[in-house]
Chemist: 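Got a structure for you, questions after.
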Amino acid sequence: QIQLEESGGGLVQPGGSLRLSCAASGRTFSEYHMGWFRQAPGKEREFVAAISVSFGTYYTDSVKGRFTIVRDNAKNTGYMQMNSLKPEDRAVYYCAAATGYYRNYECYKYWGQGTQVTVSS
């Protein structure tokens with residue numbers, strides 16, 4: 001139904017910044033909640049941040065104050081600005097779209113392919 005494609009990942013030093021993008025196609029992006037998740041090596045996929053259709057936001061504690069999630073419905077694109085990156089932020093980052101409750105993992109049904117974020121000195 002809706003297709004998502006992440007971009008913006010890369011290699012940064014600790015303390016650096018990246019801006020991830022999530023471009024949506026197929027259906028109106030504004031009708032979906034959007035979230036970012038990540039999967040670090042050897043770990044389960046975890047929630048990072050989400051933004052609802054009404055622009056409410058929620059962050060996992062480990063990124064609060066460092067990451068900012070936004071959406072530009074006119075461009076059918078979501079973004080996550082990541083500042084003060086730490087080595088533990090290294091992961092494949094996925095954007096996802098959901099209906100229902102934007103903080104409920106099970107509501108996220110549509111996923112991008114992922115983009116690699118590496119934080120290393």
Side-chain angles (χ1 to χ4, degrees):
Q1 295 184 23
I2 187 171
Q3 295 181 333
L4 306 172
E5 183 174 1
E6 305 94 333
S7 62
L11 173 65
V12 297
Q13 294 183 343
S17 298
L18 287 172
R19 185 176 179 86
L20 304 184
S21 297
C22 179
S25 62
R27 296 188 66 179
T28 304
F29 181 65
S30 63
E31 297 176 353
Y32 294 86
H33 309 306
M34 191 271 285
W36 288 94
F37 300 77
R38 66 188 180 187
Q39 187 166 17
K43 293 189 174 183
E44 299 288 334
R45 184 166 54 190
E46 66 173 342
F47 168 80
V48 178
I51 184 166
S52 73
V53 297
S54 58
F55 303 96
T57 59
Y58 183 74
Y59 302 88
T60 192
D61 286 344
S62 64
V63 308
K64 197 171 299 181
R66 300 188 297 121
F67 292 9
T68 304
I69 187 170
V70 298
R71 64 190 301 158
D72 187 341
N73 289 338
K75 296 182 178 180
N76 287 332
T77 302
Y79 305 91
M80 186 167 68
Q81 178 69 40
M82 305 187 295
N83 297 328
S84 302
L85 284 161
K86 303 175 180 180
E88 54 262 43
D89 295 319
R90 178 187 178 188
V92 176
Y93 283 72
Y94 300 88
C95 66
T99 58
Y101 186 45
Y102 78 116
R103 293 171 59 179
N104 185 350
Y105 175 83
E106 294 183 353
C107 291
Y108 287 88
K109 302 296 185 183
Y110 310 100
W111 296 83
Q113 84 288 348
T115 186
Q116 176 71 52
V117 172
T118 301
V119 186
S120 177
S121 60

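No experiment lies behind these values; they were computed from the predicted model shown.
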Chemist: Is L4 reachable from V70 through a run of hydrophobic residues whose side-chain heavy atoms are each under 4.5 Å from the next?
Modeler: no

Chemist: So, S52 side chain and S54 main chain: donor-acceptor pair closer than 3.5 Å or not?
Modeler: yes

Chemist: What heavy-atom pair brings A49 and M80 nearest, and what distance separates the two atoms?
Modeler: CB-SD, 4.0 Å

Chemist: Restricting to non-hydrogen atoms, name the atom on G8 and the atom on T115 that form the minimum distance, rounded to 0.1 Å.
Modeler: N-OG1, 4.2 Å

Chemist: Would the number of heavy atoms belonging to other residues, nucleotides or ligands and lying under 6.0 Å from NZ of K43 be above 12?
Modeler: no

Chemist: Could you point out which residue of R38, Q113, R45, Q116 forms a side-chain contact (heavy atoms from CB on, under 4.5 Å) with V92?
Modeler: Q116

Chemist: Strictly by disulfide (SG to SG under 2.5 Å), give each pair with a member in residues 27-87 just once, sequence neighbours left out.
Modeler: none

Chemist: Minimum heavy-atom separation for C107 and A98, please, with both atom names.
Modeler: O-CB, 2.9 Å

Chemist: With distance as the sole test, does H33 use its side chain to make a donor-acceptor pair with the main-chain N or O of T99 at under 3.5 Å?
Modeler: no

Chemist: Can we say K86 and D89 salt-bridge, meaning some charged N sits less than 4.0 Å from an Asp/Glu carboxylate O?
Modeler: no

Chemist: Please check if the number of heavy atoms outside R66 that lie under 6.0 Å from its CZ is greater than 12.
Modeler: yes

Chemist: Looking at S121 and P14, what are the two nearest heavy atoms and their distance?
Modeler: N-CD, 3.7 Å

Chemist: Would you mind listing every disulfide (SG to SG under 2.5 Å) that reaches into residues 13-104, with sequence neighbours excluded?
Modeler: C22-C95

Chemist: Quick one: do the Y93 and E6 side chains pair a donor with an acceptor below 3.5 Å?
Modeler: no

Chemist: If you take all heavy atoms of T77 and K75, which pair is closest and at what distance?
Modeler: OG1-O, 2.8 Å

Chemist: Measuring centre to centre across the rings, with the benzene-like ring taken for any Trp, is W36 within less than 6.0 Å of F67?
Modeler: no

Chemist: Do the side chains of Y105 and I51 join up, straight or via other hydrophobic residues, at under 4.5 Å, putting them in one cluster?
Modeler: no

Chemist: Are Y79 and F55 connected in the hydrophobic side-chain network, where two residues link if heavy atoms are under 4.5 Å apart?
Modeler: no

Chemist: Please answer: with hydrophobic residues joined when any side-chain heavy atoms are less than 4.5 Å apart, are Y101 and Y58 in the same cluster?
Modeler: yes

Chemist: Within 45 degrees of the ring normal and closer than 6.0 Å to the centroid, is that where the cationic atom of R27 sits relative to Y32?
Modeler: no

Chemist: Looking only at heavy atoms, what is the nearest atom pair of S84 and S17, with distance?
Modeler: N-OG, 4.2 Å

Chemist: Would M34 and V63 show up in the same hydrophobic cluster when neighbours are defined by side-chain heavy atoms closer than 4.5 Å?
Modeler: yes

Chemist: Counting neighbours of CD on E106 that are heavy atoms of other residues, nucleotides or ligands and sit closer than 6.0 Å, is the number greater than 12?
Modeler: no

Chemist: Looking at F37, Y59, Y108, which one forms a ring-ring contact (aromatic ring centres under 6.0 Å, His included) with F47?
Modeler: F37

